[in-house]
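Heavy-atom basis, side chains included; hydrogens, waters and symmetry copies ignored.
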Amino acid sequence: MSAPHPNIASDLPVIRQLDSAAVNRIAAGEVIERPASAVKELIENALDAKATRIDVTYADGGKTLIRVTDNGCGIAESQMELALARHATSKIDGSDLLNIHTFGFRGEALPSLGAVGRLTITSRAAGAPNAAEVSVNGGIQTPLKPAALGVGTVVELRDLFFATPARLKFLRSDRAEVQAITDIVKRLAMAEPFVGFTLTDISKGGTGRQVFRADAQNGELFEAMHGRLRQILGSDFAENALLIDAERDDIVLTGYAALPTYSRGAAVAQFLFVNGRPVRDKLLIGALRAAYFDFLSRDRHPAAALFLECDPERVDVNVHPAKAEVRFREPGIARGLIVSALRHALAEAGHRASSTVANATLGAFQPGRPDGARIYQMDRPSQAAFAHSYQAQSPGFAETQAVFGRVEETDEATLASAAELPLGAARAQVHENYIVAQTADGMVLVDQHAAHERLVYERLKKQIAQNGVASQALLIPEIVELSVGDAERLLAVADDLSRLGLKIEAFGGASICIRETPAILGEVNGEAMLKDVLDELDDMGETQSVKDRIEAILSRVACHGSIRSGRRMTGEEMNALLREMEATPHSGQCNHGRPTYVELKLSDIERLFGRT
Ligand code: ADP
Ligand code: MG
């Protein structure tokens, strides 16, 4: 330590300039949090180099080895050493930090990796006679040497964090790190359907297990995107996803969003990208939730992969060292675009319900699967025997027959024409709640209560949008006793409620007087309705807009006001219900995101009986 200035007290702090190794290690702490962050930086570099094929290998959760091989433009030999210097980048010239078209721009990834691990870069630029190689070990660079490689780059990182043992201690199990690596590779691959990706585990003792593979897609953008999402999110997602293609104020939104009936129990299938960058952004996630708000109960989460593209100047990507967040300059436009595009797509999807529902149904029908856990494959003779002895095998069948009302009132011609319609012709009602309808190539089973609930709700919404819900005055106003607090809460939203056709007044202390109720609901139990409204107010966050609040209340009211199961319907009533479902947007799911009907194709039915 140098001697303090004679005039300065010796116990004052001394300020030093840190050397570059320490500076790089500090920067690495922000950029490289775990093996997955290294994988992310290296794949982004390959994408910036316009690679069409990227192969990632790792060992021991990425802790001992990460290797990323690409067929991009490569690095000129004369630039190799510079690439390892801090804040050295080929992607911007530093004059404009707003106009960034590449993943990288900070020039920090390679020097950071070289500071905390053993890094070797081998690269051959297009047109160069040979490849060159350079290594950095805990910040110390070796001289450049020639190497053999086709055009492209291989970056190998061994013993990540060996130079920063404190960070090493924070790493999780190999399995958890592999999970994080797989997750980031998949996310990046989602946004780049024309690039082929592989991910391979080469841990010792393993035999080079391929963990993930997504072949480069061809063709038109949406086709490629759909193909890639199928590879990553599975065919269930792909089959239940709606194409999203919208634009507002020069922000373009593309992607696929799943039908509400294909929702998930957690927010695990929500992928959002801004200019190709995967982002976790509260604003965008909030917009996604808001778009589905009407169709899902609070514990269900929509599934979607959405890509926003706009002029880079309109988003700030320089707010997070690992670039996981972005900031929109006009956040309202992006949010509004997502909400309106998704709502529009969902409305167009109309009564379509998720195909997984039918598959699940088929599974439940499967013989010998009483608890949904065991699946027995029967041989053909016993399948046939089973088909012939349903009554004996399947409890409840006799009972079903007893309440099986046949549609006799409807003439054959009407049936024949209705059979061509998507939800077909009603043939029967079973258990006084399920309509069995015949379609051109199969059958449909409708949950009459769920369907009716949705239809009432959609009608109510339409009425509100037009001129408010018609109300009907009660002959004798109903007085409901509540707690003082509850009464006050209801009176505070009395104006909103009156637009719903529910007119209430204070009746002194803890009592409320109901004067009018929504005409569409017919005779209602006023007290139960007020309780519903209170429950809904409890559940709703303060943040919800008045419109969302009204819709939430409506949804609950519609649920309780609609036909209960157990009401026998005539053939005409059933067919009318089917036709109304076809004509009503969103009628494929009830207000809680459950399906209102399931469809079985003839081929599915044949499969059930072993006929195929
Ligand atoms: P940044 O990506 O922010 O520019 P990096 O430290 O990640 O910073 O990379 C530094 C430079 O090295 C890049 O600007 C690029 O020119 C070059 N480079 C890194 N990886 C590759 C690669 N896979 N292919 C071609 N060039 C690369
Ligand atoms: Mg980079």
>> So if I apply the side-chain contact (heavy atoms from CB on, under 4.5 Å) rule between K63 and each of L168, D174, L160, which one comes out positive?
In response: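 Checked L168, D174, L160 against K63; only one passes side-chain contact (heavy atoms from CB on, under 4.5 Å): D174.
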>> Between I43 and V185, is the side-chain contact (heavy atoms from CB on, under 4.5 Å) condition met? List the steps.
In response: CA-CA 8 Å; I43 294 180; V185 174; 3.9 Å; yes
[X]/[Y] ion pair, N-O < 4.0 Å:
X	Y	value
R86	E108	yes
D48	K50	no
E239	R230	yes

>> I need the single residue from Q270, R264, R289 that forms a side chain to side chain donor-acceptor pair (under 3.5 Å) with H301. Which is it?
In response: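 The option that passes is R289.
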Find out whether [X] and [Y] are in side-chain contact, i.e. whether some heavy atom of one side chain is under 4.5 Å from a heavy atom of the other.
X	Y	value
R327	V315	no
R106	T89	no
L253	L306	yes

>> For S112 and N24, which I'm curious about, is there any donor-acceptor pair between the side chains at under 3.5 Å?
In response: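 Side-chain D/A pair, S112 to N24: absent.
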> Looking only at side chains, do N45 and K40 share a donor and an acceptor under 3.5 Å apart?
Replying inline: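 Side-chain D/A pair, N45 to K40: absent.
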Looking at [X], I'd like to know if its [atom1] atom is crowded, meaning that more than 12 non-hydrogen atoms belonging to other residues, nucleotides or ligands lie closer than 6.0 Å.
X	atom1	value
I140	CD1	no
K91	NZ	yes
R329	CZ	yes
E33	CD	no

>> Ring-plane angle category for F295 and H586, please: parallel below 30°, perpendicular beyond 60°, tilted otherwise.
In response: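 If you compare the ring of F295 with that of H586, the planes turn out tilted.
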>> Tell me whether the rings of Y256 and H226 are parallel (<30°), tilted (30 to 60°) or perpendicular (>60°).
In response: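 Ring orientation, 0 to 90° scale: tilted.
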Heavy atoms only: give me the nearest [X]-[Y] pair and the separation to one decimal.
X	Y	value
I181	P35	CD1-CB, 4.1 Å
N275	C310	OD1-N, 2.8 Å
M190	F273	CB-CZ, 3.7 Å
T64	D60	OG1-OD2, 2.7 Å

Is it the case that the side chain of [X] and the backbone of [Y] share a donor-acceptor pair, with hydrogens and angles ignored and the cut-off at 3.5 Å?
X	Y	value
E220	E223	yes
R343	A290	yes
R124	A128	yes
R228	E192	yes

> What residues, two or more places apart in sequence or in another chain, satisfy side chain to side chain contact (heavy atoms under 4.5 Å, CB included) together with E30?
Replying inline: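 Only P321 meet the side chain to side chain contact (heavy atoms under 4.5 Å, CB included) criterion with E30.
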>> Between L42 and I66, does the side-chain contact (heavy atoms from CB on, under 4.5 Å) criterion hold? Intermediate values first, please.
In response: CA-CA 10 Å; L42 298 178; I66 290 169; 4.3 Å; yes
> Distance from Q141 atom CD to L119 atom CG, nearest 0.5 Å?
Replying inline: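 Spacing of CD (Q141) from CG (L119) equals 9.5 Å.
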> Does anything in residues 147-162 pair up under side chain to side chain donor-acceptor pair (under 3.5 Å), and if so which pairs, sequence neighbours excluded?
Replying inline: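 Sorted pair list: R67-E156, R118-D159, S123-T153, E156-R158.
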>> Does N71 form a side chain to side chain donor-acceptor pair (under 3.5 Å) with T52? I'd like the steps, not just the answer.
In response: CA-CA 7 Å; N71 65 351; T52 56; 2.9 Å; yes
> Where do F197 and D215 land on the side-chain contact (heavy atoms from CB on, under 4.5 Å) test, with the steps shown first?
Replying inline: CA-CA 6 Å; F197 289 84; D215 295 329; over 6 Å; no
>> I'd like to know whether L342 forms a side-chain contact (heavy atoms from CB on, under 4.5 Å) with I244, so could you lay out the CA-CA distance, the side-chain angles of the two residues, the decisive distance to 0.1 Å, and finally the verdict.
In response: CA-CA 7 Å; L342 263 54; I244 307 294; 3.8 Å; yes
